[in-house]
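What follows is one structure encoded as structure tokens, with my remarks underneath.
Reckoned from all heavy atoms, side chains included, excluding hydrogens, waters and symmetry mates. Every number for a ligand or one of its atoms is a count from 1 in the order of the listing.
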Amino acid sequence: MINIKKISAEDTYAIRLEVLRENIPLPYKFNGDFDENTFHLGAFSNNKLIAVSSFMSMSKTEFKGLQYQLRGMATLQSFHGKGAGKLMVKKAVELLKANSIDVLWCNAREVAVPFYLKQGFTVVGELFDIEFVGPHYVMKKELK
Ligand SMILES: CC(C)(COP(=O)(O)OP(=O)(O)OC[C@H]1O[C@@H](n2cnc3c(N)ncnc32)[C@H](O)[C@@H]1OP(=O)(O)O)[C@@H](O)C(=O)NCCC(=O)NCCS
């Protein structure tokens with residue numbers, strides 16, 4: 001059984017580092033981690049933190065309405081495919097809808113696109129490169 005809870009920015013760091021920053025010389029601490037409107041979610045299995053994600057108030061001009069960006073979505077390798085990512089997105093959507101947010105978007109690694117499609121995101125625009133990380137698509141989920 002996996003439980004989703006709010007966690008602190010610092011709680012996300014170890015899993016961000018392990019899952020998202022192996023051989024990638026980019027910061028695992030993000031601008032916005034401590035902003036007032038930012039929140040972080042953790043997925044717990046038997047009280048062990050197995051996945052993290054962060055949600056920040058961040059707008060793109062091409063989208064309308066109130067927007068949040070999903071960042072730092074990461075599940076420990078040995079827990080992939082057990083529903084942690086899905087449950088974190090579900091919980092975030094509940095929280096964001098309760099705050100009248102219109103759009104949740106992210107820069108999705110190309111390899112993660114099928115995961116986001118399953119969570120109701122759609123691809124927006126062309127493939128682009130993020131240095132050191134590789135090809136990405138902007139993806140968005142309308143919350144209304
Ligand atoms: C992408 C990631 C966060 C998904 O987390 P997860 O906890 O394994 O995802 P879930 O178990 O909730 O998967 C939900 C669904 O998506 C599917 N899925 C997950 N990752 C997938 C992938 N890479 N390709 C295809 N399907 C995928 C699962 O099979 C599952 O399908 P189901 O609902 O039909 O059973 C995880 O694979 C990961 O940490 N990857 C490495 C880091 C990364 O790429 N992060 C995203 C950066 S944008």
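- A salt bridge does not link K144 with E142: none of the charged nitrogens is closer than 4.0 Å to a carboxylate oxygen.
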Decide yes or no on ring-ring contact (aromatic ring centres under 6.0 Å, His included) for Y28 and Y13, but give the supporting numbers first.
CA-CA 6 Å; Y28 62 91; Y13 292 165; 5.4 Å; yes
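- Judged by the 6.0 Å distance and 45° axis criteria, R16 is positioned over the aromatic ring of F30.
- With hydrogens and angles disregarded, a donor-acceptor distance shorter than 3.5 Å links the side chain of Y68 to the backbone of N37.
- Near ligand 1, residues V19, L20, M73, A74, T75, H80, G81, K82, G83, A84, G85, K86, N107, A108, R109, V111, A112, P114, F115, Y116, K118, Q119 each place a heavy atom inside the 4.0 Å sphere around the ligand atoms.
- Closest heavy-atom contact between D129 and P135: OD1-N, 3.7 Å.
- The nearest pair of heavy atoms linking K64 to D102 is O-CB, 4.1 Å.
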